[in-house]
2 protein chains.
Amino acid sequence: MTVTETDAADVAAEPDVCASVEAPRIRPGGQTHYTISEVAAACGLSAHTLRWYERIGLMPHVDRSHTGQRRFTDRDLEWLGLVAKLRLTGMPVADMVRYAELVREGEHTFPDRHALLVATREDVRRRIAELRETLAVLDYKIDMYAALRPPENTERTA
Amino acid sequence: MTVTETDAADVAAEPDVCASVEAPRIRPGGQTHYTISEVAAACGLSAHTLRWYERIGLMPHVDRSHTGQRRFTDRDLEWLGLVAKLRLTGMPVADMVRYAELVREGEHTFPDRHALLVATREDVRRRIAELRETLAVLDYKIDMYAALRPPENTERTA
DNA sequence: TACGGACTTCGAGCGCACTCCAGGCAAGCG
DNA sequence: CGCTTGCCTGGAGTGCGCTCGAAGTCCGTA
């Protein structure tokens with residue numbers, strides 16, 4: 001139980017899982033801090049959005065150079081990878097901020113985080129099921145239109 | 001080729017496919033027109049939203065009672081079923097309006113409609129793939145949190 | 001005939017997730 | 001030294017998809 005809050009954050013950021021998801025380590029040469037524009041290019045978000053994410057508490061605290069410029073770490077990139085994934089599931093930004101708060105609060109929020117992730121997973125599963133239904137409808141309609149217009153297909157296949 | 005524009009719209013609305021998707025025929029007694037609040041209750045949209053859909057051209061023209069009140073048909077319900085499905089794939093309303101316009105323009109837009117549906121299907125497939133990736137990440141993280149907190153699981157399973 | 005409730009139109013307002021702008025600072029270069 | 005480039009901040013603006021309100025009409029029941 002010598003785990004500090006920082007360690008807890010480490011665990012939550014999960015270097016390994018995110019490493020397999022979003023490529024960190026933009027600079028292979030041991031350099032592990034990046035400017036905002038490098039990060040923007042790497043993760044597909046605008047610099048504006050990255051600053052905004054920090055302002056609303058979605059970034060777990062980015063450190064600065066001696067002149068006040070943001071210096072993102074590999075861990076930040078990993079976190080952004082997770083955020084990007086969750087975003088495109090339709091998860092509201094407010095919910096992700098909530099998760100980020102739990103991470104900042106430390107190790108005692110593990111159960112809450114676990115519960116939040118489980119709920120999110122259920123959401124994702126539901127969405128996948130919905131999309132599959134929609135896919136079935138689209139397939140049906142596409143077949144119908146194809147069947148209605150065979151003249152275009154009259155170029156014989158051999 | 002005696003198909004009129006109305007017939008083309010029929011084809012586009014596809015009674016059969018939508019019948020299998022969204023239950024039409026709220027009133028089984030041969031009555032096939034519904035007030036706005038009946039439709040709202042049936043499809044989960046608000047009456048406001050239904051009027052707004054009509055205003056922006058997303059509804060294929062709803063007919064009215066002698067006093068000017070909307071009278072939705074089973075075909076309208078079927079169309080709304082499709083719209084609902086497409087909406088929750090993230091398809092922008094503007095794109096669905098485009099599709100509705102193609103339907104109104106008649107039979108000669110069959111190829112365009114076909115193409116639009118095919119493109120949409122690709123979109124849906126991509127989204128499903130994304131969601132599956134996200135699911136994998138969530139599974140991984142959930143397992144991690146579960147492994148980190150075995151004390152809670154110590155209630156032996158037998 | 002009076003009343004409550006559901007409907008009509010048009011237009012304004014809202015919440016979300018960015019997106020952009022103005023004004024300013026710091027570093028690098030010819 | 002001046003110029004350019006990249007970053008900083010705070011706050012205003014944008015686009016989308018609804019959502020609501022006001023003011024009026026119509027319908028059914030007592």
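Throughout, protein chains are lettered first and strands after them, A, B, ... in sequence-line order, and every chain is numbered starting at 1.
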Nucleotide-resolved protein contact map, nucleotides 2-18 of chain C, B/S/- at heavy-atom distance under 4.0 Å: -----SBBBB-----SB
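For A:R51, the salt bridge (charged side-chain N to carboxylate O under 4.0 Å, His left out) test picks out no residue, with sequence neighbours left out. Applying the side chain to side chain donor-acceptor pair (under 3.5 Å) test to B:T109 and every residue at least two apart in sequence or in another chain returns B:R113. Scanning for side chain to side chain donor-acceptor pair (under 3.5 Å) contacts around A:E54 gives A:R64, A:R70, with sequence neighbours left out. Under the rule for a side chain to side chain donor-acceptor pair (under 3.5 Å), A:D143 has no partner lying at least two apart in sequence or in another chain. For B:R98, the salt bridge (charged side-chain N to carboxylate O under 4.0 Å, His left out) partners are B:E101, not counting sequence neighbours. Under the rule for a side-chain contact (heavy atoms from CB on, under 4.5 Å), the partners of A:R71 that lie at least two apart in sequence or sit in another chain are A:H33, A:T35, A:D63, A:S65, A:Q69. For A:A40, the side-chain contact (heavy atoms from CB on, under 4.5 Å) partners are A:L50, not counting sequence neighbours.
In 5' to 3' order, the nucleotides of DNA chain D bounding all contacts with chain B (an atom under 4.0 Å from a heavy atom) are D:dG17 to D:dC27.
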